[in-house]
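Right, one structure below, let's go through it.
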Amino acid sequence: WLPLIVFVIGVGAGWALKAVGEQNAIAITSSEVRYDQNADGVDDLIYHYRLGASEAFKATADLNFDGTMDSTDFFDARGILTRREADENMDGHIESVTIFTDGIATRTDIDRNRNGVADVHIYFRNGVVSREEVADNSTGRIVRVNYYEAFLLSRSETDLDGDGFLETVRSYDERGEITATETRPRG
């Protein structure tokens, strides 16, 4: 009798689980692969996969191992990086968002004062910083633009009087020293 009782219990439990599943209609749409990189018992890197996909659509990382995720990377269906949201100063708030094209950084927006508006915009050419725009925290207007060549600051344009016109232009040498300053006339 024991085998028959176990069989009946098994069939009954299976039927009950099927009925509960159909009633709740809970669909499993993604899965995660977790890693504890420093062996402290807390996951530091998590890859998120859509059901049936071989490439992750998202990865979250705790970069300083404090238990809080500091960076989230988003990937396209091919697994190529398209966007990164990062807590650059590890204070628990996302400051920067970087956009990637074919896995190469094209733009980063940084909100340093956490008011929801980017204070700095960094533009990349072939993954290398080419221009940086700095905005006034109160007005949001661009008050300085820095241009870079071969990783070095080569020129800057600054709005000294707050009128929205970048009138002061400075050139820099390879050591970052100012080599020329000019004031452009408006208009």
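Computation of the quantities below employed the complete heavy-atom set of this structure, encompassing side-chain atoms and omitting hydrogens, waters and symmetry-equivalent molecules. Just so you know, these numbers come straight off a predicted model, no measurement behind them.
A side-chain donor-acceptor contact under 3.5 Å links T179 to the backbone of S171. Judged by distance alone, with hydrogens and angles left aside, the side-chain atoms of T139 form a donor-acceptor pair with the main-chain N or O of R141 at under 3.5 Å. Under the 3.5 Å distance criterion, the side-chain polar atoms of E85 are left unmatched by any main-chain donor or acceptor of S71. For the pair E95 (side chain) and E88 (backbone), a donor-acceptor distance under 3.5 Å is present.
A search for salt bridge (charged side-chain N to carboxylate O under 4.0 Å, His left out) contacts involving E149 returns nothing, not counting sequence neighbours. Residues passing the side chain to side chain contact (heavy atoms under 4.5 Å, CB included) test with L152 are E174, sequence neighbours excluded. Taking the salt bridge (charged side-chain N to carboxylate O under 4.0 Å, His left out) definition, one finds that D173 meets it with R175, sequence neighbours left out. Partners of D66 under the salt bridge (charged side-chain N to carboxylate O under 4.0 Å, His left out) rule, at least two apart in sequence or in another chain, do not exist in this structure. Every residue meeting the side chain to side chain contact (heavy atoms under 4.5 Å, CB included) condition with N115, not counting sequence neighbours, appears here in chain and number order: D111, N113, V117, D119.
Here the straight-line distance linking atom OH of Y47 with atom CZ of F75 works out to 6.5 Å at 0.5 Å rounding. Here the CG-CD distance, from D44 to Q37, works out to 5.5 Å after rounding to the nearest 0.5 Å.
Under a 4.0 Å N-O distance rule, the pair E182/R184 does not qualify as a salt bridge. We find that D91 and R114 are joined by a salt bridge, their nearest charged nitrogen and carboxylate oxygen being less than 4.0 Å apart.
V145 places a side-chain heavy atom less than 4.5 Å from the side chain of R131. Taking 4.5 Å as the limit, every side-chain heavy atom of R144 sits out of range of all side-chain heavy atoms of D159. Between R83 and D73, the closest side-chain pair of non-hydrogen atoms is not below 4.5 Å. Taking 4.5 Å as the limit, some side-chain heavy atom of D163 sits within range of a side-chain heavy atom of R186. R84 has its side chain within reach of F100: a pair of non-hydrogen atoms, C-beta onward, lies under 4.5 Å apart.
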| Given the rule in the side-chain contact (heavy atoms from CB on, under 4.5 Å) test, do R34 and D36 qualify, once you have shown the distances and angles that lead to the verdict? | CA-CA 7 Å; R34 298 169 167 268; D36 177 6; over 6 Å; no
| field | Intermediate values then yes/no, side-chain contact (heavy atoms from CB on, under 4.5 Å), N64 and D70 | value | CA-CA 8 Å; N64 62 347; D70 305 304; 2.9 Å; yes
| Going through the checks in order, is the side chain to side chain donor-acceptor pair (under 3.5 Å) test met by Y148 and E132? | CA-CA 8 Å; Y148 297 88; E132 171 188 37; 2.8 Å; yes
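The minimum heavy-atom distance between D43 and M69, with the atom names listed, is O-CE, 3.6 Å. T181 and T168 make their closest contact through CG2-CG2, 4.0 Å (heavy atoms, listed as atom of the first residue, atom of the second, distance).
Heavy atoms from other residues, nucleotides or ligands lying under 6.0 Å from CG of N126 number 12 at most.
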Sequence neighbours excluded and cut-off under 3.5 Å, please list the side-chain donor-acceptor pairs for residues 102-109, or say none.
unit_1: T106; atom_1: OG1; unit_2: I99; atom_2: O; d: 3.1
unit_1: R107; atom_1: NE; unit_2: D109; atom_2: OD1; d: 2.8
unit_1: R107; atom_1: NE; unit_2: D109; atom_2: OD2; d: 3.3
unit_1: R107; atom_1: NH1; unit_2: Y123; atom_2: OH; d: 3.3
unit_1: R107; atom_1: NH2; unit_2: D109; atom_2: OD1; d: 3.1
unit_1: R107; atom_1: NH2; unit_2: H121; atom_2: ND1; d: 3.0
unit_1: T108; atom_1: OG1; unit_2: T98; atom_2: OG1; d: 2.8
unit_1: D109; atom_1: OD1; unit_2: H121; atom_2: ND1; d: 2.7

